[in-house]
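In what follows, residues are counted from 1 in the order of the sequence shown.
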Amino acid sequence: MNPFPIVGRELLVASRRRETQLIRFVTALTAIVVLAFIFIVMRDNAAAQDISKIILVVIAGFAFFFCNLAGVRLTADTLSEEKRNGTLGLLFLTNLRGLDVVLGKMSACSLQAVFGLMAVAPVMMVPLLMGGVDPAEVGRMVGVLFAALFMSLSVGMACSAQFKVTRASIGMTFLIILLLNFGLPIISIVLDAYNHINNSESEFLACFSSGAMFPLAFSGNFTGNSHFFYQSLTTALGVGVVSLGFSVWRTPRAWQDREAKPSA
C-alpha cells in the first residue's frame with residue numbers, strides 16, 4: 001500500500017513534463033559554459049589550483065542563489081492557487097491528510113529544482129579533478145545547496161498555505177528568505193559597530209543565519225570554524241522542518257470560507 005499516493009502521482013506527472021527535462025539540460029549546459037569560460041579566460045593568468053577554486057566559487061555561488069529563490073518561483077503559489085480556484089477543499093473530501101497534500105504539491109513543484117541541482121553537482125566535481133579543491137569541501141557545498149533548496153521550498157509552502165493572494169504569498173516568501181540570509185548578519189554588524197557585543201558574540205549571532213553556511217563551507221573558512229558551519233546548517237534545516245510542519249498543520253484549515261462579519 002502506498003502511504004503517500006499524491007506524492008507518487010505528482011512525481012510521475014512532473015517527471016514526464018517536457019519543461020522538467022528541458023530545465024535539467026539547460027542548467028547543466030549553463031554550468032558547463034561557465035566552467036569553460038572561466039578556464040579559457042584564466043588559463044594563462046593563474047595556476048590550475050587557483051582556477052579550480054574560482055570555478056567552484058562561481059558555480060556554487062550561482063547555484064546557492066537560485067536555490068534560495070526556488071521557493072519564490074516554485075512553491076509560493078501552489079496551495080494559494082488551489083484556494084483561489086476553490087479546489088483545495090475537494091482534496092479533503094477524501095481520506096487524504098494535510099501531509100499527503102503538502103508533500104504531493106511540494107514534490108511536483110520542486111522536481112525541476114532538484115533535477116537542476118543534480119545536473120550541477122557533477123560539474124562541481126570538475127574542480128576536484130583539477131586539484132586544489134578538497135573533496136570534503138565539495139561534499140559540504142553540495143549539502144549546503146540541498147539544505148538551502150529544502151529551506152526555500154518549505155518556506156514557500158508555508159506562505160502559500162497561509163495566504164490566498166499571489167502577491168502576498170510570493171512577497172512574504174521572498175522577505176523571509178532575505179531575512180534568513182542577511183537579517184542576523186546585518187544586526188550583528190550593527191551591534192558590533194556600536195560596541196553592544198564583542199567580535200566573538202557577533203560571529204556567533206551571525207552564524208544563526210542560513211546564508212552563513214555558504215562561505216563557511218569552503219576549506220579556508222571551515223577550518224577552525226566548523227561549529228559555526230554546523231550551526232548555520234542546522235538553522236537552515238530547522239527552518240525548513242518547521243515551515244513544512246506549519247504547512248501540514250495549516251493546509252486542512254485554510255480552505256474553509258471564513259464567517260462573514262457584519263458591516264457597520
Side-chain angles (χ1 to χ4, degrees), residues 56-57 59-72 74-76 99 102-103 106-107 109-110 113-114 116-118 120-121 124 133-162 172-192 196-250:
L56 180 62
V57 171
I59 294 180
F62 277 112
F64 186 73
F65 174 76
F66 285 109
C67 283
N68 278 283
L69 290 182
V72 179
L74 298 176
T75 59
L99 181 63
V102 170
L103 290 183
M106 185 174 177
S107 301
C109 296
S110 63
V114 174
L117 189 54
M118 291 175 62
V120 172
M124 293 174 59
V133 176
D134 187 14
E137 184 177 6
V138 179
R140 287 192 300 269
M141 187 55 64
V142 173
V144 164
L145 295 179
F146 276 102
L149 179 62
F150 171 69
M151 182 194 70
S152 178
L153 294 173
S154 299
V155 171
M157 290 298 298
C159 294
S160 181
Q162 176 64 27
M172 184 57 66
T173 303
F174 180 77
L175 180 61
I176 292 176
I177 295 297
L178 195 66
L179 291 176
L180 287 172
N181 281 278
F182 301 105
L184 286 178
I186 293 176
I187 292 175
S188 63
I189 292 174
V190 172
L191 292 178
D192 190 17
H196 292 291
I197 56 176
N198 55 36
N199 190 26
S200 60
E201 293 174 343
S202 176
E203 293 178 354
F204 178 77
L205 179 62
C207 288
F208 277 106
S209 166
S210 60
M213 61 182 176
F214 176 75
L216 291 172
F218 296 101
S219 297
N221 298 328
F222 182 80
T223 304
N225 297 313
S226 59
H227 57 291
F228 287 149
F229 170 77
Y230 292 115
Q231 176 181 324
S232 178
L233 182 63
T234 303
T235 300
L237 294 176
V239 170
V241 171
V242 171
S243 299
L244 196 60
F246 175 80
S247 304
V248 173
W249 172 81
R250 179 60 181 164

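Across F64, F229, F222, a single residue satisfies ring-ring contact (aromatic ring centres under 6.0 Å, His included) together with F214, and that is F64.
The closest donor-acceptor contact from the side chain of S188 to the backbone of P185 lies under 3.5 Å. S210 contributes a side-chain N or O that, together with a main-chain N or O of L180, makes up a donor-acceptor pair within less than 3.5 Å. A donor-acceptor pair under 3.5 Å is formed between the side chain of N221 and the backbone N or O of P215. Using a distance-only test at 3.5 Å, with no hydrogens or angles considered, no donor-acceptor pair links the side chain of E137 to the main chain of A217. Checked by atom type and distance alone, the side chain of T75 pairs as donor or acceptor with a backbone atom of L153 at under 3.5 Å.
Classified by interplanar angle (parallel below 30°, tilted 30° to 60°, perpendicular above 60°), the ring pair F62/F66 is parallel.
With values rounded to the nearest 0.5 angstrom, L149 atom CG is found 5.0 Å from C67 atom SG. If you take CE on M213 and CG on L237, they are separated by 7.5 Å, rounding to the nearest 0.5 Å. Annotation: the span from F182 atom CZ to S209 atom OG amounts to 8.0 Å, rounded to 0.5 Å. One distance of note links OG of S226 with CD of Q231; it measures 11.0 Å at 0.5 Å rounding.
When the side-chain hydrogen bond (donor to acceptor under 3.5 Å, both in side chains) test is applied to S200, the partners found at least two apart in sequence or on another chain are N198. Every residue two or more places apart in sequence or in another chain was checked for a ring-ring contact (aromatic ring centres under 6.0 Å, His included) with F228, and none qualifies.
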Intermediate values then yes/no, side chain to side chain contact (heavy atoms under 4.5 Å, CB included), L216 and R140: CA-CA 9 Å; L216 291 172; R140 287 192 300 269; over 6 Å; no

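Here side chain to side chain donor-acceptor pair (under 3.5 Å) pairs that include residues 175-187, with residues two or more places apart or in two chains, are N68-N181.
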